[in-house]
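Reviewing the structure listed below.
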Amino acid sequence: MKTTIAVLGVGLIGGSVALALKENPDFRLIGFDVRQDYLDKALTGGVIHAGTTDLQTAVRDADVIIIAAPVEQIYRLIDRLVELELKAGAIVTDVGSTKSKVVRYAQALTDKQITFIGGHPMAGSHKSGVEAASERLFENAFYVLTPGADVPAHEVERLAHILSYTRAKVVVMDPAEHDQVVGAVSHFPHIIASALVNQVSRYNEGNDWYYRLAAGGFRDITRIASSNPRMWRDILLNNRDHLLKIAADWRAELDRIMRLVEAGEAEEIENFFRSARDFRDQLPERKKGALPPLYDLYLDIPDHPGEIGRITTLLGAKQISITNIEILETREDIFGVLKITFRSEAEMEKGEELLHFFDYNVYRRG
């Protein structure tokens, strides 16, 4: 008997989960989406075995239901699932980045002999849509499961086994603990990046040198400010309590360093930066975390015509995909004048090896 898995939402995340699971011949993947054109793309691309715009048809025989939708839509889909005919003993999970509220909300499913286990695959892409889906999107990334206190351990193990085929590292956390940790290392950094960009934008109204010099490093450290505004609105509202506490701690830390600056405490200011550097340098360099990594290489190139064309030709000849190429004018603390962004870590490593072979000085951002 095949395990039937219904994926509700066949975008980047849902499509990538489906593609990874579809490699197991014992799994049958059914896609649901409100848009037929999305389903057509998923079917044409071999992402799912079958697709439907009728939710009841998608979930009736499903052993596992994966809600791959934005945070606010998760609640609406849970409401609909409560009203529909589901297979007894089925597991429902989601892919949202906040967990406490949705786990509590999904308690309504327990009356139907359905187990809900919150889920959060910590991987993404700068692209969107099912056409950007990849069976390796979650490889080596953390996939967090957040069961409620009353969920049997064997049900968690059952779902973890299925999700192991995504090649992710499946871990189990308490929902509140997840929201606190992810709030600090993902949600709050998005607030800081956006606040910093908005501040510089206001300064730029009177002096466009802010805009002109905000290339290079400033653009890199604030890249997450380019995220979907509506999605982040919903994430912040769903993780409000934790973010308010994190913000209070942030203000206290900012006030502390500014008091040291005001008092001219040179040694303590240096210690502030040293402790940050020491912790940051201990972070795993090549592991996927809550924020998507950058796949950038920087390289020195001679200043003569055709050099950039030569580099792209070398990469293209080896079928190494790049997503962006940029000449850097502002390069404080950055080696290299050319930045090349790759689609994945594997593509970046192949590009790095190739460019080294042709005697280019290649650097990664430390």
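Heavy atoms only: backbone and side chains are in, while hydrogens, waters and symmetry mates are out.
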| query | Are more than 12 heavy atoms from other residues, nucleotides or ligands located less than 6.0 Å from atom CG of Asn324? | reply | yes
| query | Is the closest basic N to carboxylate O distance between Asp249 and Lys245 below 4.0 Å? | reply | yes
| field | same_hphob_cluster(Leu159, Val170) at 4.5 Å side-chain heavy-atom cutoff | value | yes
| query | Is a side-chain N or O of Glu155 found less than 3.5 angstrom from the main chain of Ile91, in a donor-acceptor match? | reply | no
| request: Would you check if the side chain of Thr52 reaches a backbone N or O of Ala58 as a donor-acceptor pair within less than 3.5 Å? | output: no
| field | Heavy-atom closest pair, residues Ile235 and Ser97 | value | CD1-OG, 3.3 Å
| field | Residues in side chain to side chain contact (heavy atoms under 4.5 Å, CB included) contact with Thr3, at least two apart in sequence or another chain | value | Ile5, Phe27, Asp63, Ile162
| Between CD1 of Ile78 and CG of Asp94, what distance do you get to the nearest 0.5 Å? | 6.5 Å
| query | Got a sec: does the CZ of Arg310 have more than 12 other heavy atoms crowding it under 6.0 Å? | reply | yes
| said: For Ile224, is there any backbone N or O sitting under 3.5 Å from a side-chain donor or acceptor partner on Ser227? | reply: yes
| task | May I have the step-by-step check of side chain to side chain contact (heavy atoms under 4.5 Å, CB included) for Phe358 and Ile311, ending in yes or no? | result | CA-CA 10 Å; Phe358 283 95; Ile311 290 168; over 6 Å; no
| task | Would you confirm whether Lys112, through its side chain, and Leu86, through its main-chain N or O, come within 3.5 Å as a donor-acceptor pair? | result | no
| query | Less than 4.5 Å apart, any side-chain heavy atom of Ile13 and any of Phe138? | reply | yes
| remark: Closest heavy-atom pair, Arg167 versus Glu135, reported as atoms and distance to 0.1 Å, is NH1-O, 3.3 Å
| message | With a 4.5 Å cut-off on side-chain heavy atoms, are Leu29 and Val7 touching? | response | yes
| Taking all atoms of both residues into account, what is the closest heavy-atom pair of Ala225 and Val197, and its distance? | CB-CG2, 3.9 Å
| note | Given the options Tyr210, Trp209, Tyr211, Tyr203 meets ring-ring contact (aromatic ring centres under 6.0 Å, His included) only with Tyr210
| task | May I ask you to test the Lys99-Met173 pair for a side-chain heavy-atom distance under 4.5 Å? | result | no
| query | Looking at Leu338, Leu297, Leu314, which one forms a side-chain contact (heavy atoms from CB on, under 4.5 Å) with Tyr360? | reply | Leu314
| task | For residues Gly14 and Ala68, report the shortest heavy-atom separation together with the two atoms involved. | result | CA-CB, 3.5 Å
| request: Scan side-chain atoms only and decide if Thr98 and Asp179 contain a donor-acceptor pair under the 3.5 Å cut-off. | output: no
| query | In Å and rounded to the nearest 0.5 Å, what is the NE2 to OH distance from His120 to Tyr143? | reply | 9.5 Å
| Enclosure of Gln36 CD (heavy-atom neighbours >12, cutoff 6.0 Å) | yes
| query | Going through the distances and angles, do Ile67 and Thr93 end up as a side chain to side chain contact (heavy atoms under 4.5 Å, CB included)? | reply | CA-CA 6 Å; Ile67 304 176; Thr93 186; over 6 Å; no
| Between atom CD1 of Ile191 and atom CD1 of Ile246, what is the distance when rounded to the nearest 0.5 Å? | 8.0 Å
| request: State plainly whether the residues Arg35 and Asp37 are in salt-bridge range, i.e. N to O under 4.0 Å. | output: yes
| CG/Leu84 to CG/Leu55 distance, rounded to the nearest 0.5 angstrom? | 5.0 Å
| request: Using atom types as modelled and distance alone, determine if a side-chain donor or acceptor of Lys41 lies under 3.5 Å from a backbone N or O of Glu131. | output: no
| query | Does atom CH2 of Trp232 have more than 12 heavy-atom neighbours, drawn from other residues, nucleotides or ligands, at distances under 6.0 Å? | reply | yes
| query | Are Leu145 and Val171 side-chain neighbours, meaning at least one heavy-atom pair lies under 4.5 Å? | reply | no
| task | Check the hydrophobic clustering (I, L, V, M, F, W, Y; side-chain heavy atoms under 4.5 Å; chains of links allowed) and say if Ile308 and Leu355 are grouped together. | result | yes
| Any side-chain heavy atom of Leu354 within less than 4.5 Å of one from Leu315? | yes
| Sidechain-backbone polar pair: Glu347 side chain, Ile320 backbone, donor-acceptor under 3.5 Å | no
| query | Side-chain heavy atoms under 4.5 angstrom apart, residues restricted to Ile, Leu, Val, Met, Phe, Trp, Tyr: same cluster for Ile114 and Val82? | reply | yes
| message | Taking Glu268 first and then Arg259, would you say they form a salt bridge - that is, a charged N and a carboxylate O separated by under 4.0 Å? | response | no
| message | side chain to side chain contact (heavy atoms under 4.5 Å, CB included) for Arg233 and Arg230? Distances and angles first, verdict last. | response | CA-CA 5 Å; Arg233 175 201 67 185; Arg230 176 168 292 186; 3.5 Å; yes
| Any side-chain heavy-atom pair from Ile66 and Leu8 closer than 4.5 angstrom? | no
| query | Can we say Glu353 and Lys350 salt-bridge, meaning some charged N sits less than 4.0 Å from an Asp/Glu carboxylate O? | reply | no
| request: Hey, could you give me the CG/CD1 distance between Leu39 and Ile48, rounded to the nearest 0.5 Å? | output: 5.5 Å
| Closest approach of Gly183 to Pro189 (non-hydrogen atoms, all atoms of both residues) | O-CD, 4.1 Å
| How far apart are the closest heavy atoms of Thr166 and Ala20, and which atoms are they? | CA-CB, 3.7 Å
| message | Using a strict threshold of under 4.0 Å (side-chain N to carboxylate O), is an ion pair present between Arg256 and Glu253? | response | yes
| query | Can any side-chain N or O of Asp54 pair as donor or acceptor with the backbone N or O of Thr57 at less than 3.5 Å? | reply | yes
| task | Taking the side chain as every heavy atom from C-beta outward, state whether Val71 and Val102 have any atom pair closer than 4.5 Å. | result | no
| field | Rounded distance (nearest 0.5 Å) linking atom CG of Asp255 with atom CG of Leu260 | value | 11.0 Å
| said: Check for me, please, whether Phe357 and Met348 land in the same ILVMFWY cluster - side-chain distances under 4.5 Å, paths through other members count. | reply: yes
| side chain to side chain donor-acceptor pair (under 3.5 Å): which pairs involve residues 64-76, sequence neighbours left out? | Glu72-Asn238, Tyr75-Asn238
| note | Test side-chain contact (heavy atoms from CB on, under 4.5 Å), reference Val59, set Val92, Ile65, Leu77, Thr4, output is Ile65
| Trace of the side chain to side chain contact (heavy atoms under 4.5 Å, CB included) decision for His49 with Lys22 | CA-CA 8 Å; His49 292 106; Lys22 192 168 176 280; 3.6 Å; yes
| Is a side-chain N or O of Thr146 found less than 3.5 angstrom from the main chain of Asp174, in a donor-acceptor match? | no
| Is a donor on one side and an acceptor on the other found under 3.5 Å between the side chain of Asn239 and the backbone of His242? | no
| said: Do Ile340 and Leu299 have side chains that approach each other closer than 4.5 Å (heavy atoms only, starting at C-beta)? | reply: yes
| field | Side-chain donor/acceptor of Glu265 to backbone N/O of Val261, under 3.5 Å | value | no
| task | State plainly whether one hydrophobic cluster holds both Ile117 and Val103, where clusters connect Ile, Leu, Val, Met, Phe, Trp and Tyr through side-chain heavy atoms under 4.5 angstrom apart. | result | no
